[in-house]
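From a predicted model like this one, the values you see are computed outputs, not experimental measurements. We number each residue from 1, following the sequence as shown.
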Amino acid sequence: MEVCRATAFSWTHTISTSTSLHVSLSPSKWETKRLTVWCASDQTQKANQMTVSVTGATGFIGRRLVQRLHADNHSVHVLTRSRTKAELIFPVKDFPGIVIAEEPEWKDSIQGSTGVVNLAGMPISTRWTAEVKKEIKQSRIKVTSKVINIINDLPDAVRPSVLVSATAVGYYGTNETRAFDEQSPSGNDYLAEVCREWEGTALKVNKDVRLALIRIGVVLGKEGGALAKMIPLFMVFAGGPLGSGKQWFSWIHLDDVVNLIYEALTNPSYKGVINGTAPNPVRFMEMCQHLGNVLGRPSWLPVPDFALKAVLGEGAAVVLDGQRVLPLKAQELGFSFKYSYIKDALKSIMT
């Protein structure tokens, strides 16, 4: 804009907490001078914007993560095997600018991304046949391997700087008395084997890419996961402990695991293995008591082992066995859990 007959002055005025306006004029009587304006907030915002490619974006955790990234004005690339499904979940009217890429387009999407989040994998809470067990493992290994190969083959200038790859607390095996942290060794059961191979594949990423491996516990949210399957049972007065109820339940609220992944994307201190569990795991019986209280339903009727095994077969081990997993690394890094106690987490979800 043009300023006429201006006397010399220099003025800085704060418009908001993140925006400043600076005006500088040289002294010259009766001359027209051009006013230059810099908007610091616009420059800062652009500098902080990320482009994030996400596998498993249509899943329970992935949906919430994409919503969070989009709400914060980051560019999101949804890496999917089904464009139709992804477009239904992320309609363009609600997610303007989102990029949906099927497998042949993954390389173009990952190229130039700031970071990649790898959440893909077939759900494990189902009856395990030999074929299903093979698919549970391969669904994780194949996608992770594809992502790693794409990242490693990219030129340095367009290679993502960070990879946040999901894994699971199943890595540790099960135990009723022992506590596990990030330094604990792996177990020797099927899920531990899956997690070892899953993580081993991710570890092949280029050494210049910061890698955060999030070993996720049971994620609590109303829209999916274990809780969505338990709530209907409680509502018809059939809820209660599965098996003995003494097994450990290492959980995390959906909001907290999304925040943890988000922090791992943006904070260079987040690298290596990080347990994605709340600081206060509980016995399964206690979790059921709190859920019953929140729902106003009894939680005393246990579901016997044989009934669950009849439905899930070998997959029943996911809920009949357990492990007490502690998020020591996240706490050392100063991560702030929104929900540290199961009672508060369930109350926030159900009310």
Side-chain angles (χ1 to χ4, degrees), residues 55-56 59-62 116-152 162-207 209-219 225-226 247-252 257 260-261 264 270-277 281 312-330:
T55 72
F60 180 39
I61 300 173
V116 177
V117 178
N118 179 37
L119 299 171
M122 175 184 175
I124 62 174
S125 55
T126 184
R127 186 175 182 83
W128 291 356
T129 62
E131 192 62 32
V132 167
K133 288 174 71 174
K134 181 179 178 181
E135 179 62 21
I136 286 172
K137 181 188 288 188
Q138 289 304 312
S139 65
R140 288 157 172 77
I141 306 302
K142 283 183 178 179
V143 173
T144 303
S145 181
K146 183 179 180 70
V147 168
I148 296 302
N149 289 338
I150 290 173
I151 291 174
N152 289 350
V162 56
L163 169 64
V164 182
S165 196
T167 172
V169 295
Y171 174 92
Y172 301 110
T174 61
N175 195 291
E176 279 198 8
T177 58
R178 185 178 176 184
F180 299 98
D181 60 36
E182 288 85 355
Q183 300 302 317
S184 300
S186 182
N188 53 17
D189 58 15
Y190 165 70
L191 286 180
E193 175 188 320
V194 170
C195 291
R196 283 196 302 272
E197 292 191 33
W198 196 5
E199 293 183 16
T201 304
L203 285 165
K204 295 176 183 177
V205 73
N206 183 286
K207 61 180 178 59
V209 176
R210 178 170 58 85
L211 173 63
L213 290 165
I214 313 294
R215 288 180 185 155
I216 302 173
V218 180
V219 181
Q247 68 270 38
W248 282 102
F249 186 70
S250 294
W251 60 277
I252 187 167
V257 75
L260 185 63
I261 292 168
Y270 283 64
K271 53 189 173 182
V273 174
I274 302 170
N275 286 337
T277 57
L312 294 180
E314 192 178 354
V318 176
V319 288
L320 291 176
D321 303 324
Q323 65 275 99
R324 184 179 178 221
V325 180
L326 303 175
L328 296 192
K329 184 76 172 290

Backbone of [Y] reached by a side-chain donor or acceptor of [X] within 3.5 Å:
X	Y	value
S184	D181	yes
N175	G187	no
R210	A264	yes
W248	E176	yes
S250	Q323	yes
S186	Y172	no

Between atom [atom1] of [X] and atom [atom2] of [Y], what is the distance when rounded to the nearest 0.5 Å?
X	Y	atom1	atom2	result
N206	I151	CG	CD1	9.0 Å
N118	K146	CG	NZ	12.5 Å
T174	N188	OG1	CG	8.5 Å
T277	I252	OG1	CD1	6.5 Å
T177	R324	OG1	CZ	10.0 Å
L213	N275	CG	CG	11.0 Å

Taking salt bridge (Lys or Arg N to Asp or Glu O under 4.0 Å) as the test, write out the residues that go with K329, two or more places apart.
-> none

[Y] and [X], any side-chain heavy atoms less than 4.5 Å apart:
X	Y	answer
L260	Y270	yes
I261	L119	yes
V169	F180	no
I136	Y190	yes
M122	V132	yes
L326	P281	yes

Residue that, paired with T167, satisfies side chain to side chain donor-acceptor pair (under 3.5 Å) out of E197, R140, R215, E199 = E199

Output, in order, the C-alpha distance, side-chain angles, deciding distance and verdict of side-chain contact (heavy atoms from CB on, under 4.5 Å) for I216 and I61.
-> CA-CA 11 Å; I216 302 173; I61 300 173; 4.0 Å; yes

